[in-house]
2 protein chains.
Amino acid sequence: MDAGAVVPCCPPITAGELSQDDAEKMAVMFKALSDPVRLRLFSKVASHPGGEACVCDISDVGVSQPTVSHHLKKLREAGLLTSERRGTWVYYRVAPSVVAAMSAMLDLRS
Amino acid sequence: MDAGAVVPCCPPITAGELSQDDAEKMAVMFKALSDPVRLRLFSKVASHPGGEACVCDISDVGVSQPTVSHHLKKLREAGLLTSERRGTWVYYRVAPSVVAAMSAMLDLRS
DNA sequence: ATTGGGTATCGATGAGTGTCAACATAGACG
DNA sequence: CGTCTATGTTGACACTCATCGATACCCAAT
């Protein structure tokens, strides 16, 4: 399902007052990254050779398997990761729009 | 007392697997930005002329005054904002290290 | 069809969070 | 002093969340 990939959005955070709408969209993205387990999962996917990683490659983060699955789902729902099943394994990769969205939001040069 | 300003930290999120320690530090920062009200407060401070804003300038975000104060405290504790009282008013500004920390974490070179 | 390993969902639980009304504090000014 | 305005703190409540064990689902191989 990967409910409404929310990421592609939003003006630079320092450019002016955020609208209620943009603030809510950005909050979804930041909330997805606000947990240490999710950050480690995301960084493992992002830094994996080939740009994608099997769950079995990244699930060693100190919590149980259901919890890993739960966090991956949240990253998916936030639009940060995409998943694809190929045979026995499920592969995750960073959603294409994320890179652009992040650097746009944090356009920190004046 | 602005408990332990946690922000200055951390390698790029895509550079490799995050350590448990770095992940926890980054999570603190993202968690502080994971609420729409806090995002709007932060952006109002960041975009305010002169680099600082009185609470009275930014407190119109749709929640009560105690709630505004509560969110500003969280942003302070996360090391994102600093505050200074001058006479009747309290002024907030973006913590100096935050800009560098953010762009370091999100070094998204294509 | 059955077995087995990889992954997702369900249900429960304890911890954490956003919100407000009420109260407290701090400074300015008479 | 007392009062007024600007912020911060406290306590309570409803709500969300991270976590796990148990279970279900998916697919390959036997």
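First the proteins, then the strands, lettered A, B, ... as listed; each starts at 1.
Near DNA chain C, meaning a heavy atom under 4.0 Å from it, residues 56-69 of chain B has Val63(B), Ser64(B), Pro66(B), Thr67(B) in order of number. Listed in residue order, the members of residues 42-55 of chain B having a heavy atom less than 4.0 Å from DNA chain D are Cys54(B), Val55(B).
Backbone-only contact: Tyr92(B) has heavy atoms under 4.0 Å from sugar-phosphate atoms and none from a base.
Met105(B) is listed as a side-chain neighbour of Phe30(B), based on a closest heavy-atom distance under 4.5 Å. At least one side-chain heavy atom of Ile13(B) sits less than 4.5 Å from a side-chain heavy atom of Met26(B). Looking at heavy atoms from C-beta onward, Glu17(A) lies out of side-chain contact with Arg40(B) at the 4.5 angstrom threshold. For the pair Cys54(A) and Val90(A), the minimum side-chain heavy-atom distance is 4.5 Å or more.
Between the CG atom of Asp35(A) and the P atom of dT16(D) there is a distance of 18 Å, given to the nearest Å. Rounded to an integer number of Å, the gap from CH2 of Trp89(A) to P of dG5(C) is 12 Å. Across the protein-nucleic acid pair, Lys73(B) atom NZ and dA24(C) atom P stand 17 Å apart, rounded to whole Å. Atom CG of Leu72(B) is separated from atom P of dG18(C) by 13 Å (rounded to the nearest Å). A straight line from NE2 of His70(B) to P of dC20(C) spans 12 Å, rounded to a whole angstrom. If you measure from atom CZ of Arg86(A) to atom P of dA28(D), you get 13 Å, rounded to the nearest angstrom. If you measure from atom NE2 of His71(A) to atom C1' of dC20(D), you get 11 Å, rounded to the nearest angstrom. Atoms CG (Leu41(A)) and C1' (dT7(C)) sit 14 Å apart, rounded to a whole Å.
With hydrogens and angles disregarded, a donor-acceptor distance shorter than 3.5 Å links the side chain of Ser43(B) to the backbone of Leu18(A).
To the nearest 0.5 angstrom, Met102(A) atom CE is 4.5 Å from Leu33(A) atom CG. Between Leu80(B) atom CG and Met29(B) atom CE the span is 5.5 Å, to the nearest 0.5 Å.
Salt bridge status for Arg86(A) with Glu52(A): present, with a side-chain N to carboxylate O gap under 4.0 Å.
Using a 4.0 Å cut-off, no side-chain N or O of Lys31(A) falls inside it from OP1 or OP2 of dT17(C). The shortest distance between the side-chain N/O atoms of Arg85(B) and the OP1/OP2 oxygens of dA6(D) is not below 4.0 Å.
In summary, the side chains of Arg76(A) and Tyr92(A) do present a donor paired with an acceptor at a separation below 3.5 Å, with no hydrogens or angles considered.
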